[in-house]
Amino acid sequence: MPVLRVIAAAVVRVVLLTAFYLVYVEAISRSDSTDALGAGLLFFLIVVVVALAWATWDGARRGFLAATIVWLLTGAGVGATVTVAYVISTETAGAFVDELRDGWLFFALLVFVPALPGAGVGGLIHRARRRTTTA
């Protein structure tokens, strides 16, 4: 498990998930819909499904431990970048520390919690593949 590859993989995931957040928020702000709750829940659902599926794929390719580390770093990174983007876009600089603490934890867990079972399933796939190739 090369450390730089794990960090690079996490950075790619952070950039893509943060870009998705920014595009999604921009699209919602330009729409005529007044259903902010539905849009927010849809965003959460998409993030959970993407994290679960991508972590499963990572687990199958890298193994459980490497996939878990990648997604732990990804969760921390997405939590920080999405929270900073939110604070900047809403101009709540007075509550920056509170928003960073609360928002970071929320988004980090939103990404990492579904990724953990995905990495576990992927790790089982990885282990089964290794057994069939060595046998």
Side-chain angles (χ1 to χ4, degrees):
M1 173 176 63
V3 175
L4 289 178
R5 280 193 137 168
V6 169
I7 292 171
V11 168
V12 166
R13 286 148 184 77
V14 168
V15 168
L16 291 175
L17 288 171
T18 303
F20 171 70
Y21 168 78
L22 295 172
V23 168
Y24 190 85
V25 167
E26 185 62 27
I28 294 302
S29 69
R30 291 182 184 208
S31 78
D32 295 332
S33 175
T34 58
D35 185 20
L37 179 62
L41 291 175
L42 179 61
F43 172 77
F44 296 156
L45 176 66
I46 292 169
V47 168
V48 165
V49 169
V50 166
L52 178 69
W54 204 346
T56 302
W57 183 70
D58 277 342
R61 281 186 51 234
R62 301 173 190 275
F64 175 72
L65 182 60
T68 301
I69 293 170
V70 165
W71 282 95
L72 182 63
L73 295 172
T74 301
V78 168
T81 57
V82 167
T83 304
V84 168
Y86 171 76
V87 169
I88 290 170
S89 68
T90 58
E91 299 174 4
T92 56
F96 179 74
V97 173
D98 291 334
E99 286 293 339
L100 188 59
R101 181 189 63 231
D102 299 339
W104 175 83
L105 182 61
F106 176 76
F107 281 105
L109 290 175
L110 182 69
V111 171
F112 181 67
V113 168
L116 191 58
V121 169
L124 292 173
I125 294 168
H126 180 75
R127 183 183 298 172
R129 283 184 184 168
R130 283 185 38 208
R131 281 191 187 148
T132 59
T133 58
T134 58

Same apolar cluster: [X] and [Y], side chain cutoff 4.5 Å:
X      : Y     : result
Phe106 : Leu41 : yes
Leu4   : Val15 : no
Leu105 : Val84 : no
Leu42  : Val50 : yes
Val78  : Leu16 : yes

message = Could you tell me if the side chain of Leu72 sits less than 4.5 Å from the side chain of Phe112, heavy atoms only?
response = yes

query = Do the side chains of Arg13 and Trp71 get nearer than 4.5 Å, heavy atoms only?
reply = yes

Minimum heavy-atom distance between [X] and [Y], given as atom pair plus value:
X     : Y      : value
Arg62 : Arg5   : NH1-O, 4.3 Å
Ala10 : Thr74  : CA-OG1, 3.5 Å
Ala55 : Ala67  : O-CB, 4.4 Å
Val14 : Leu73  : CG2-O, 4.3 Å
Thr83 : Gly79  : OG1-O, 2.6 Å
Leu52 : Pro114 : CD1-O, 3.2 Å

Euclidean distance, [Y] [atom2] relative to [X] [atom1], rounded to 0.5 Å:
X      : Y      : atom1 : atom2 : value
Thr81  : Leu17  : OG1   : CG    : 8.5 Å
Trp104 : Leu109 : CH2   : CG    : 7.5 Å
Leu116 : Phe64  : CG    : CZ    : 5.0 Å
Arg30  : Glu26  : CZ    : CD    : 4.0 Å

ask   = Run the side chain to side chain contact (heavy atoms under 4.5 Å, CB included) check on Phe20 and Ile46 step by step: do they pass?
value = CA-CA 10 Å; Phe20 171 70; Ile46 292 169; 3.5 Å; yes

inquiry  = Taking Phe43's backbone N and O only, do any of them form a donor-acceptor pair with Tyr21's side chain (distance below 3.5 Å, no angle check)?
reply    = no

